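Residue indices begin at 1 and follow the sequence shown. Since the model is a prediction, treat every value here as computed from it, not as a measurement.
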Amino acid sequence: MKRLLISCFLFIGMYAKAQTVPVYLDETKPIEQRIDDALSRMTLDEKIRVIHAQSKFSAAGVPRLGFPDLWTDDGPHGIRPNTLWDKWRDAGQTNDSCVAFPALTCLAATWNPVLADHYGFALGEEARYRGKDVVLGPGMNIYRSPIGGRNFEYLGEDPYLTSRMVVPYIQGVQRTGVAACAKHFALNNEEAFRQRSNVIVSDRALHEIYLPAFKAAVQEGKVWAVMCAYNWYNNQPCCANEVLVKNILKRDWKFDGVAITDWGVRTTTDDVVKNGLDMEFGTHTDGLAKGMDNAYELYYLARPYKQGILSGKYTTKELDQKVRNVLRLYYRTTMNKHRAVGFMGSDAHYATAREIGQEGIVLLQNQHSLLPISAKAKRILVVGENAIKPMTVGGGSSSLKVQREVSPLSGLQAALGKDVQIDYARGYVGDTIVSYSGYRFNADLHDDRTPEELTREAVQKAKGADYVIFVGGLNKSDGQDAEGYDRKGLELPYGQDKLIEALAAVNKNMVYVNVSGNAVAMPWRNRVPAIVQAWFLGSEAGNALADVLTGKVNPSGKMPYTMPLKLQDVGAHALGTYPGTWRADKKIIDREYKEGLYVGYRWVDHAKTTPMFAFGYGLSYTQFKISNLRADHASMTKDGTITFTVNVKNVGRRAGAEVVQLYIHDSKSSLERPYKELKGFKKVFLQPGESQDVSITIDNKALSFYDDTKQAWVSEPGEFIALVGNASNNLRNAVKFNLQ
């Protein structure tokens with residue numbers, strides 16, 4: 001009887017306790033109801049506390065209510081090493097190494113959304129293990145100019161391709177309970193003077209070229225955070241922009257996540273209060289240099305905002321909406337008790353990095369079928385600093401501390417084994433720095449030899465070699481592929497062109513491997529039979545590259561941007577709009593996008609230029625035939641769809657993959673349109689002799705354009721032409737159809 005009474009009392013106590021759990025902590029309640037309850041319990045100080053940073057990468061929670069702190073971290077390609085609380089310096093920890101995944105240009109070059117999902121999920125797992133709640137990526141700004149320093153972090157020149165790749169990346173990250181943060185919203189297309197750049201762009205170009213990827217991230221990817229850009233638009237900073245943030249992002253797209261600043265933006269308290277910004281993670285209000293005990297109290301959304309509320313300058317209406325959005329982010333991340341633990345440095349993550357590298361490498365040229373490396377090869381010379389230089393370090397906020405990075409030289413040595421003699425010649429000396437942001441990586445790049453001595457050695461070793469593999473291109477140094485800087489031109493640095501010419505003169509079996517996230521000039525391309533675009537491939541760089549060069553993997557990458565012959569073949573430069581025009585006070589530079597819609601291959605069609613390598617282009621070790629294009633019906637209604645089908649056959653001797661690309665041409669439009677625009681693609685893997693029908697379905701959205709006079713997307717009845725092929729300049733299949 002006594003035991004029964006005790007059990008009853010315990011049951012009643014537990015029942016009573018269950019009934020008194022606050023709504024904001026009750027996981028059975030809808031999130032919006034929990035947010036309302038938590039908001040009603042918070043003091044003014046607690047509300048202010050959660051909308052600005054408390055350290056370089058964290059924002060405070062609400063200890064009294066049980067909300068943990070929120071931790072963010074770069075980046076798009078791997079989880080950045082921990083920094084000191086108040087400084088941009090490596091914290092010197094030994095447990096914050098990561099797997100570096102290929103840069104996003106490489107991911108885009110796979111043209112494989114499935115890999116984008118795998119990429120995001122692996123990245124999210126690494127973030128979870130490291131205790132990070134927000135990954136600052138993916139980057140999705142458009143490749144407007146080939147000298148943009150941060151292009152390597154983005155996904156190329158086409159808004160449709162970018163959109164299709166960012167959505168699964170975001171979904172992959174967020175399946176782990178970590179927020180993705182789409183960046184940089186918007187028009188962050190150059191790095192030079194980025195904090196003082198005011199972009200002038202037509203509404204059509206804004207909506208058709210520069211915003212679609214962000215719109216897809218919000219409406220399809222359901223991204224939980226958006227980072228606003230450094231630059232200005234419409235004479236307002238992007239991070240507190242009435243048009244971009246308040247109207248388009250929040251009102252039109254119904255974004256219910258958190259809009260945050262980039263680190264170090266310039267703005268004002270009025271702008272950030274009124275124009276939709278939710279969290280301030282870094283501005284030039286930073287008071288560290290002023291000797292403040294807590295510099296973050298000087299942020300616009302900290303003490304100045306609180307004082308403005310107390311003085312009656314601001315109401316709490318905007319504050320409560322900001323806090324509401326922040327709490328929603330907390331419930332999706334820090335307050336989600338069912339998040340997985342995560343993994344770091346797992347075999348699966350390295351396998352994912354390697355697979356993305358394998359599929360993203362682009363074979364640009366392969367005269368006389370020089371590649372893959374013949375099994376008869378006995379001596380191979382590898383030349384170039386990029387064959388031994390770590391490429392996961394530097395370049396800005398995407399710099400990483402990796403658990404390991406396989407160099408191209410090491411990858412080839414491992415793949416070819418002891419039966420093949422592999423010599424190495426430095427060839428040129430570029431960047432010999434072996435530390436970044438306080439982190440020193442394990443490499444010795446010092447070399448005192450003159451360029452003449454280095455060339456002489458390389459040329460001598462090249463004589464008689466079965467292959468000369470030159471691994472060059474750019475690196476992550478300032479002024480190359482690096483945040484905060486743009487390049488000065490398309491030319492290769494460090495005298496590489498002269499060295500390549502000298503090597504090609506003594507050995508006809510030369511392979512040039514271009515390591516970069518940007519287009520480069522290749523004045524010697526007619527004398528170098530094989531050219532490979534290798535990107536920044538991350539931890540598995542050498543292995544992925546060796547897999548392709550040796551033929552273990554058949555290359556299937558396609559260019560995500562146009563490689564021009566010269567800078568003047570790019571719209572932004574042909575029209576003299578880069579870098580822009582300084583205002584009289586020299587404080588702001590106006591960047592007018594006079595080329596409008598004509599970016600990348602759209603400009604190639606418009607100006608009738610000839611690219612060195614076209615958007616969507618990439619070779620294989622086998623051959624494919626794309627034929628028999630047909631539509632499932634001859635016309636479609638505005639609320640209907642139309643499906644195009646082609647037959648793809650592997651007519652070569654190796655298994656491989658081809659990317660079927662669908663472009664749409666509008667025969668007649670009331671407003672000027674590009675000649676064609678990418679509206680669908682599909683990657684298909686085929687064995688030798690195998691054929692397969694590939695179908696791509698589009699709807700009215702693919703036929704629409706943004707009418708700036710109506711401020712709306714519209715489509716017009718009439719004739720359209722579907723163009724199908726395997727590159728933007730190789731569309732041999734066409735079929736007409738009508739929109740009713």
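- The closest side-chain heavy-atom distance from E483 to S398 is not below 4.5 Å.
- E658 and K649 are not joined by a salt bridge, as no carboxylate oxygen comes within less than 4.0 angstrom of a charged side-chain nitrogen.
- Relative orientation of the H207 and Y706 rings is parallel, given thresholds of 30° and 60° on the angle between their planes.
- Using cut-offs of 30° and 60° for the angle between ring planes, the Y119 and Y169 rings count as tilted.
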Exercise. Just do the side-chain contact (heavy atoms from CB on, under 4.5 Å) check on H184 and Y154 with the steps written out, would you?
Key: CA-CA 10 Å; H184 304 89; Y154 301 145; 2.8 Å; yes
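- For the pair F152/L474, no side-chain contact is recorded, criterion being any heavy-atom separation below 4.5 Å from C-beta on.
- Using bins of under 30°, 30° to 60° and over 60° for the plane-to-plane angle, the ring pair Y143/Y561 lands in the parallel bin.
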Practice problem: Evaluate side-chain contact (heavy atoms from CB on, under 4.5 Å) for M559 paired with L364, printing each intermediate quantity in order. | Solution: CA-CA 9 Å; M559 289 303 296; L364 294 174; 3.9 Å; yes
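- At least one donor-acceptor pair under 3.5 Å links the side chain of H77 to the backbone N or O of L104.
- Side-chain N or O atoms of N733 include one that pairs as donor or acceptor with a backbone N or O of I626 at under 3.5 Å.
- Between the side chains of S516 and R487, not a single donor N or O lies within less than 3.5 Å of an accepting N or O.
- Across all non-hydrogen atoms, the minimal contact from S197 to F193 is OG-O, 2.6 Å.
- For D708 (side chain) and D203 (main-chain N/O), no donor-acceptor pair under 3.5 Å exists by modelled atom type.
- Ring geometry for H606 against W603 counts as tilted: the plane angle lies between 30° and 60°, on a 0 to 90° scale.
- Looking at D158 and R164, no side-chain N of the basic residue comes within less than 4.0 Å of a carboxylate O on the acidic one, giving no salt bridge.
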Practice problem: Start with the C-alpha distance between E716 and K668, add both sets of side-chain angles, then the distance that settles salt bridge (charged side-chain N to carboxylate O under 4.0 Å, His left out), and finish with yes or no. | Solution: CA-CA 9 Å; E716 297 175 334; K668 185 179 181 180; over 6 Å; no
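- At distances below 3.5 Å, at least one donor-acceptor pair connects side-chain atoms of E157 with backbone N or O atoms of Y601.
- The two residues M140 and A182 come nearest to each other via the heavy atoms CE-CB, 3.5 Å.
- Looking at heavy atoms from C-beta onward, L703 lies in side-chain contact with I698 at the 4.5 angstrom threshold.
- Under the 3.5 Å distance criterion, with hydrogens and angles disregarded, a donor-acceptor pair is assigned to the side chains of D481 and N518.
- Applying the side-chain hydrogen bond (donor to acceptor under 3.5 Å, both in side chains) criterion to Q692, with sequence neighbours excluded, gives no partner residue.
- Separation of the F615 and W111 ring centroids falls under the 6.0 Å cut-off.
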Quiz prompt | Derivation and outcome, side-chain hydrogen bond (donor to acceptor under 3.5 Å, both in side chains), residues Y210 and N189 | solution = CA-CA 9 Å; Y210 299 104; N189 309 109; 4.9 Å; no
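- Taking CG from N628 and CG from N647, the interatomic distance works out to 6.5 Å, rounded to the nearest 0.5 Å.
- Annotation: side chain of S667 is in contact with side chain of I721 (closest heavy-atom distance under 4.5 Å).
- One finds a salt bridge joining D117 and R175 here, because a Lys/Arg side-chain nitrogen approaches an Asp/Glu carboxylate oxygen to under 4.0 Å.
- Under the 4.0 Å criterion applied to side-chain N and carboxylate O atoms, D262 and K183 are not assigned as salt-bridge partners.
- Side-chain contact, N650 with T622: a donor N or O sits under 3.5 Å from an acceptor N or O.
- One finds a salt bridge joining R602 and E677 here, because a Lys/Arg side-chain nitrogen approaches an Asp/Glu carboxylate oxygen to under 4.0 Å.
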